[in-house]
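All remarks here apply to the structure that follows.
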Amino acid sequence: MSVENDSSQIESLAAADSGFQSYQVAPGYQVNVRSGPGTNYSLVRVLPLGASVTIRCQCPGTTVSGPYGTTDLWDCIGNGQFVSDAYVHTGSDGYVAGRCG
């Protein structure tokens, strides 16, 4: 088993314990995690291929185009960790969690 797979499994297990809904990141993409809801925020880390995320809250930010459309919606996946909703398969074009703030 690779380190990337271990990381994805650990994140999935943590999501199950958090009470937040878990969603798959678009297949074939390593997604940038930013310190705020926009591409102008610093890069915190990069999600590995096959990752899933828990969405704690959502807010508007920089508009991004990705495999799930073009949106200004950003998903908070942890304290100071945001990903564009354009890369997360939520099954919705709108909010699936409460608004941040």
Side-chain angles (χ1 to χ4, degrees):
M1 185 178 289
S2 74
V3 173
E4 286 181 359
N5 287 342
D6 287 343
S7 177
S8 293
Q9 288 180 346
I10 290 168
E11 287 180 12
S12 294
L13 291 172
D17 291 338
S18 70
F20 296 106
Q21 180 69 38
S22 182
Y23 299 94
Q24 285 294 127
V25 171
Y29 288 89
Q30 293 179 297
V31 177
N32 290 334
V33 179
R34 302 280 181 175
S35 63
T39 56
N40 56 319
Y41 288 88
S42 63
L43 183 65
V44 174
R45 63 187 172 116
V46 178
L47 297 176
L49 295 172
S52 61
V53 295
T54 57
I55 299 176
R56 297 168 182 244
C57 61
Q58 295 175 293
C59 61
T62 305
T63 299
V64 172
S65 293
Y68 299 119
T70 299
T71 184
D72 70 346
L73 193 58
W74 284 74
D75 306 330
C76 178
I77 62 169
N79 190 23
Q81 298 182 54
F82 292 81
V83 296
S84 171
D85 196 61
Y87 288 89
V88 181
H89 187 260
T90 61
S92 172
D93 287 337
Y95 286 83
V96 296
R99 293 178 188 239
C100 300

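When reading the values below, keep in mind they use all heavy atoms of this one structure, side chains included, and skip hydrogens, waters and symmetry mates.
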Check the pair Arg34 / Val83 against side-chain contact (heavy atoms from CB on, under 4.5 Å), numbers first and verdict last. CA-CA 6 Å; Arg34 302 280 181 175; Val83 296; over 6 Å; no
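- Here Cys100 contributes atom SG and Ile55 contributes atom CD1; the two are 10.0 Å apart, rounded to the nearest 0.5 Å.
- Expressed to the nearest 0.5 Å, how far OG of Ser52 lies from CG of Leu47 amounts to 9.0 Å.
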Considering only distance and modelled atom types, tabulate donor-acceptor pairs under 3.5 Å from the side chains of residues 71-78, sequence neighbours left out.
residue: Thr71; atom: OG1; partner: Leu73; partner atom: N; Å: 3.0
residue: Trp74; atom: NE1; partner: Thr62; partner atom: O; Å: 2.8
residue: Asp75; atom: OD1; partner: Gln58; partner atom: NE2; Å: 2.7

Derivation and outcome, side chain to side chain donor-acceptor pair (under 3.5 Å), residues Ser35 and Ser42: CA-CA 6 Å; Ser35 63; Ser42 63; 3.1 Å; yes
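- In plain terms, the two heavy atoms of Ala97 and Cys57 that are nearest each other are CB-CA, 4.1 Å.
- Counting heavy atoms from C-beta on, the side chains of Val46 and Val33 never come closer than 4.5 Å.
- Side-chain contact check for Thr70 versus Val64: every heavy-atom pair is 4.5 Å or farther apart.
- Residues Tyr41 and Val31 fall into different hydrophobic clusters, defined by Ile, Leu, Val, Met, Phe, Trp and Tyr side chains chained together at heavy-atom separations under 4.5 Å.
- Put simply, the side chain of Arg45 reaches to within 4.5 Å of the side chain of Gln81, judged on heavy atoms.
- Sequence neighbours left out, the pairs with a member in residues 82-101 that pass ring pair (Phe, Tyr, Trp, His ring centres under 6.0 Å) are Tyr29-Tyr87, Tyr68-His89.
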For the pair Cys59 and Arg99, evaluate side-chain contact (heavy atoms from CB on, under 4.5 Å) and give the outcome as yes or no after the intermediate values. CA-CA 6 Å; Cys59 61; Arg99 293 178 188 239; 6.0 Å; no
